[in-house]
Amino acid sequence: MKNEFNDLVSSVLGDFLSKHAFRFAESRSNTGGDLVSVVFESDQCKLRLYDSRRAGEVNCLVGRLDASNESDWTDKRSGWYYLRGLLEIGKGLSLEELQKLVGPPVTDRREQLVQLRDLLDSGFEKALLKLQEKAA
């Protein structure tokens, strides 16, 4: 499953990763194989994309360069931040507006990666600025 997810990430995000000079750093899978993550590094930050089969979620975190790949990346002190959190998606919206923004849930892994790629394409510079603010 690890290689399958790596291939899927590369096929969907390859152009973005190349454009921003990201290099493959590592890929990990937990013992049961229901959580797979892949990490890329650039001179500006790290990206961690993960596939949680249990939660049915594919998501992206942006990390400082000193963020450990082994750390508990759900801990805010780890230096890893959710992309949507850095971009403040939905901040200040009413529940109704937020539901319209989010739309129906997407369960297809490829489609979730496409959504993340689109967020990265449109908001990567803003995410970097927010990451730098958190590091200061």
Side-chain angles (χ1 to χ4, degrees):
M1 171 154 61
K2 184 165 67 169
N3 290 337
E4 176 188 330
F5 185 64
N6 292 354
D7 293 344
L8 186 58
V9 167
S10 294
S11 72
V12 174
L13 288 143
D15 289 342
F16 172 84
L17 295 169
S18 291
K19 177 180 174 184
H20 294 280
F22 278 97
R23 305 166 300 281
F24 174 81
E26 73 173 35
S27 180
R28 291 178 175 244
S29 176
N30 69 356
T31 307
D34 60 347
L35 180 70
V36 177
S37 70
V38 59
V39 177
F40 297 90
E41 298 175 347
S42 75
D43 292 340
Q44 298 177 301
C45 67
K46 294 181 178 184
L47 287 181
R48 178 186 298 267
L49 293 116
Y50 71 83
D51 178 10
S52 173
R53 293 287 176 120
R54 186 178 316 149
E57 171 189 44
V58 174
N59 215 331
C60 178
L61 294 109
V62 182
R64 298 186 313 247
L65 291 173
D66 65 347
S68 170
N69 295 348
E70 287 98 33
S71 68
D72 175 8
W73 35 272
T74 60
D75 182 345
K76 293 191 184 292
R77 296 169 295 176
S78 70
W80 289 100
Y81 302 91
Y82 283 95
L83 174 64
R84 287 180 175 92
L86 286 174
L87 296 177
E88 299 176 330
I89 303 292
K91 183 177 180 182
L93 296 179
S94 69
L95 182 57
E96 293 80 22
E97 292 171 313
L98 188 57
Q99 287 174 328
K100 287 179 188 174
L101 175 69
V102 172
V106 177
T107 56
D108 179 75
R109 292 165 53 226
R110 176 176 285 282
E111 185 58 34
Q112 289 182 64
L113 282 170
V114 167
Q115 288 179 349
L116 290 169
R117 181 202 59 211
D118 292 348
L119 278 176
L120 285 165
D121 282 339
S122 64
F124 184 64
E125 298 305 321
K126 179 180 178 182
L128 280 178
L129 289 173
K130 292 289 185 176
L131 184 66
Q132 291 168 358
E133 288 174 12
K134 291 185 178 295

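The analysis underlying the following values was restricted to heavy atoms, covering all of them including side chains, and did not include hydrogens, waters or symmetry mates.
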What's the spacing between [X] [atom1] and [Y] [atom2] if we round to 0.5 Å?
X: F16; Y: L116; atom1: CZ; atom2: CG; result: 10.5 Å
X: D51; Y: S37; atom1: CG; atom2: OG; result: 10.0 Å
X: Y81; Y: R48; atom1: OH; atom2: CZ; result: 14.0 Å
X: R23; Y: K46; atom1: CZ; atom2: NZ; result: 10.5 Å
X: F22; Y: L13; atom1: CZ; atom2: CG; result: 10.0 Å
X: L8; Y: S11; atom1: CG; atom2: OG; result: 5.0 Å

Indicate the atoms forming the closest heavy-atom contact of [X] with [Y], along with that distance.
X: L131; Y: G79; result: CD1-O, 4.4 Å
X: A127; Y: L87; result: N-CD2, 3.8 Å
X: G63; Y: C45; result: O-CB, 3.3 Å
X: S27; Y: V36; result: OG-CG1, 4.5 Å

Using a 4.5 Å cut-off on heavy atoms from C-beta on, say whether the side chain of [Y] contacts that of [X].
X: L86; Y: K134; value: yes
X: E41; Y: L65; value: no
X: K19; Y: F124; value: no
X: N59; Y: R84; value: yes
X: L83; Y: L61; value: no

Crowded around [X] [atom1]? As in, over 12 foreign heavy atoms under 6.0 Å?
X: D15; atom1: CG; result: no
X: R54; atom1: CZ; result: no
X: D43; atom1: CG; result: no
X: K126; atom1: NZ; result: yes

Does E88 have any salt bridge (Lys or Arg N to Asp or Glu O under 4.0 Å) partners at least two apart in sequence or in another chain, and if so, which?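 Expected list: K91, K130.
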Could you tell me whether R53 and E4 have a side-chain N and a carboxylate O separated by less than 4.0 Å?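 Counted as a salt bridge, because a side-chain N and a carboxylate O are separated by less than 4.0 Å.
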Hey, is D66 close enough to R64 for a salt bridge, meaning N to O under 4.0 Å?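 Result for this pair is yes, salt bridge flagged.
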ILVMFWY cluster, F24 and L49 together (side-chain gap under 4.5 Å):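 Yes; tracing contacts between hydrophobic side chains, which count when under 4.5 Å, links both residues.
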Any donor-acceptor N/O pair, W80 side chain to S68 backbone, under 3.5 Å: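 Indeed, once roles are kept as given, a pair shorter than 3.5 Å links the two residues.
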Go through it in stages, so that I can follow the logic: the residues are Q132 and L129, the test is side chain to side chain contact (heavy atoms under 4.5 Å, CB included), and I'd like the CA-CA distance, side-chain angles, deciding distance and then a yes or no. CA-CA 5 Å; Q132 291 168 358; L129 289 173; 3.8 Å; yes
